[in-house]
Amino acid sequence: MKTKGISVSDAYKQVFNLYSWQKIKRHTSNKKMITIDNYLDSHYIHRSNWLRAAVLGANDGIISISSLAIGVAAASTTRDPILLATVAGLVAGALSMAAGEYVSVSSQTDIEKADIERERIELETMPKAELQILAEIYEKRGLKKETALQVAKELTESDALGTHIRDELGINEISQANPIQAAFASGAAFTAGGLLPLLVILFAPVHSMEYYLYGFTILSLIVLGAVSAKTGGSSMSMAVLRIVVWGSIAMGLSALVGYIFGVNV
């Protein structure tokens with residue numbers, strides 16, 4: 001069948017091609033243009049510092065509070081001592097995690113600042129040697145000797161200290177950690193993780209509380225592993241397996257200690 005010299009099948013093809021082209025055009029126009037300012041937005045590396053602290057805090061909160069509660073529950077016949085130990089462990093653990101993260105990251109920052117100051121002095125006292133070192137770094141990365149020297153000269157003229165900090169010391173805006181951000185992420189994550197076993201302690205029956213804690217903790221660890229893997233773009237199965245295995249070992253050993261040294265409290 002033809003309409004004005006065009007077959008029905010050809011007309012359908014033209015309509016379909018026009019629809020497809022318009023759909024592609026809309027998708028392309030809605031897609032954010034990649035520039036030098038936003039090219040890292042779709043990557044995961046800029047999340048590494050706070051994600052590491054958050055996963056460490058949540059994992060520690062879930063496992064340590066659950067392990068503490070399981071150990072006490074294995075030797076207790078009433079809820080009060082389990083609840084008291086859990087709340088005390090939650091408060092102390094959250095503050096300890098935040099303080100420890102702040103101190104450790106601050107120590108890293110102090111080392112970086114000391115190395116940057118040392119590099120500044122070396123650039124003032126032996127600029128030729130520093131230029132040669134920079135050229136050799138670029139040469140090892142694959143540039144020809146002449147090209148490496150030319151790149152080193154141009155970057156040194158542009159920003160000598162910044163270039164050496166980035167390419168010689170390996171310090172950049174992504175690798176530099178923020179002590180306050182890390183402390184807050186770690187402490188808040190520990191609190192959030194520790195609240196999960198606390199809910200079990202409040203509502204689970206005392207005579208079988210350790211079993212409820214173990215099951216609920218494994219479930220919480222699975223969720224944490226999945227969320228951390230999704231956020232960091234890594235393998236979900238490997239993250240879940242890793243966090244569940246080590247969490248199970250920690251809780252099992254804690255329960256064992258409670259049974260071995262347990263007294264009625």
Side-chain angles (χ1 to χ4, degrees), residues 44 46-74 76 78-109 176-206 209-232 234 236 239-255 257-258 265:
Y44 300 104
H46 61 282
R47 305 175 183 175
S48 59
N49 287 321
W50 67 262
L51 181 59
R52 177 198 61 81
V55 172
L56 174 63
N59 181 71
D60 198 11
I62 294 171
I63 294 177
S64 63
I65 299 303
S66 294
S67 299
L68 174 64
I70 288 173
V72 178
S76 178
T78 58
R79 190 184 306 273
D80 289 344
I82 307 173
L83 183 60
L84 177 61
T86 302
V87 172
L90 178 60
V91 174
L95 295 176
S96 176
M97 285 293 295
E101 195 70 29
Y102 181 84
V103 171
S104 63
V105 175
S106 295
S107 299
Q108 175 187 335
T109 304
Q176 284 182 311
N178 186 323
I180 296 178
Q181 182 190 55
F184 179 79
S186 184
F190 183 98
T191 302
L195 286 174
L196 298 175
L198 180 60
L199 294 175
V200 178
I201 293 167
L202 289 172
F203 299 107
V206 177
M209 184 177 291
E210 57 266 38
Y211 303 109
Y212 281 95
L213 280 167
Y214 183 80
F216 190 79
T217 301
I218 293 298
L219 181 61
S220 301
L221 290 175
I222 291 174
V223 173
L224 175 62
V227 170
S228 63
K230 181 69 175 178
T231 306
S234 59
M236 192 171 295
V240 170
L241 179 64
R242 180 171 56 232
I243 200 169
V244 169
V245 167
W246 286 106
S248 300
I249 292 174
M251 288 186 293
L253 292 176
S254 297
V257 170
V265 290

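These numbers come from a predicted model, not from an experiment. Values below: every heavy atom of this structure, side chains too, minus hydrogens, waters and symmetry copies.
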Could you list the donor-acceptor pairs under 3.5 angstrom formed by side chains in residues 216-225, with sequence neighbours left out?
unit_1	atom_1	unit_2	atom_2	d
Thr217	OG1	Ser66	OG	2.7
Thr217	OG1	Leu213	O	2.6
Ser220	OG	Phe216	O	2.9

* To do: Kindly write out the residues that satisfy side chain to side chain contact (heavy atoms under 4.5 Å, CB included) with Ser106, not counting sequence neighbours, or none if the list is empty.
  => Tyr102, Pro179

* Structure fact -> Leu195 meets the side chain to side chain contact (heavy atoms under 4.5 Å, CB included) criterion, sequence neighbours left out, with Leu90, Thr191, Leu198

Which pair of non-hydrogen atoms, one from [X] and one from [Y], has the smallest distance, and what is that distance?
X: Arg79; Y: Ala204; result: NH1-O, 2.8 Å
X: Val72; Y: Ala85; result: CG2-CB, 4.0 Å
X: Ile65; Y: Pro197; result: CG2-CG, 3.7 Å
X: Pro81; Y: Thr78; result: CD-OG1, 3.1 Å

* Side chain to side chain, Ser96 and Phe190, heavy atoms closer than 4.5 Å -> no

* To do: Find out whether Val87 and Leu83 are in side-chain contact, i.e. whether some heavy atom of one side chain is under 4.5 Å from a heavy atom of the other.
  => yes

* To do: Please round to the nearest 0.5 Å and tell me the distance separating atom CD1 of Ile249 and atom CD1 of Ile63.
  => 10.0 Å

* To do: Quick one: pull up CG in Leu241 and CD1 in Ile243 and give me the separation to the nearest 0.5 Å.
  => 11.0 Å

* For atom CG of Leu202, is the number of surrounding heavy atoms from other residues, nucleotides or ligands below 6.0 Å larger than 12? -> yes

* Asked: Between Ser186 and Ala182, is there a donor-acceptor pair closer than 3.5 Å when you use the side chain of the first and the backbone of the second?
  -> no

